[in-house]
Undergrad: 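Dropping the structure in here first, questions after.
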Amino acid sequence: MGVSAHNLLASNLKGRVQDNEEMVPVLESQARRRWQIVRKQMVTRKKRSRRVLMNSRTRLEGSGSKAANGIHRRVRTLKKLIPNSEAEGLEGLFRDSADYILFLQMRVKVMQIMVKVFTGSDE
């Protein structure tokens, strides 16, 4: 009984070894294919990072940068805030902005004086 179990186990292992030997070419081709995919992804990443780097360089050098868009957006917002702004160019807009700020400061001082007069406080 012990001998037959040994023979059965040996024949079973022999079959598995033969199956594994048949699978080796398949597994090697699968491994080769996986490596080709990984290598292609690595090359794509390098190209993408180069492209991003080039884009950031052109943004810094060129006029189409995000920073320039942000500045234009802020200038538009400033134009909306200043009433009756007929300024031409940034210099005129900044001059009108400074005048409007002075006007608002003067208005606040007048209101503070009015509050003091009406409340009767002498601070």
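In this text, all values refer to a predicted model and were calculated from it rather than measured experimentally.
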Undergrad: Please report the interatomic distance CD(E88) to CG(D96), rounded to the nearest 0.5 Å.
TA: 10.5 Å
Undergrad: Quick check on the hydrophobic clustering: are L90 and I82 connected, directly or via other members, by side-chain heavy-atom contacts under 4.5 Å?
TA: yes
Undergrad: Distance check, rounded to the nearest 0.5 Å: Q112 atom CD versus K109 atom NZ?
TA: 8.5 Å
Undergrad: Testing the basics here: between Y100 and L81, what is the closest heavy-atom pair and its distance to 0.1 Å?
TA: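 Here Y100 and L81 meet closest at CE2-O, 4.0 Å.
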Undergrad: If Ile, Leu, Val, Met, Phe, Trp and Tyr residues are connected whenever their side-chain heavy atoms lie under 4.5 Å apart, and connections chain through other members, are F118 and V110 in the same group?
TA: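 Yes, because F118 and V110 connect within a single hydrophobic cluster, where side-chain heavy atoms sit under 4.5 Å apart.
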Undergrad: Rounded at 0.5 Å granularity, tell me how far CG in N69 sits from CZ in R74.
TA: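 Atom-to-atom, N69:CG and R74:CZ are 11.0 Å apart.
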Undergrad: Find the distance between CG (N84) and CG (D99) and round it off to the nearest 0.5 Å.
TA: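 One finds 12.5 Å between CG of N84 and CG of D99.
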Undergrad: How many angstroms lie between atom CE of M106 and atom CG of L104, to the nearest 0.5 angstrom?
TA: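 Result: 11.0 Å between the selected atoms.
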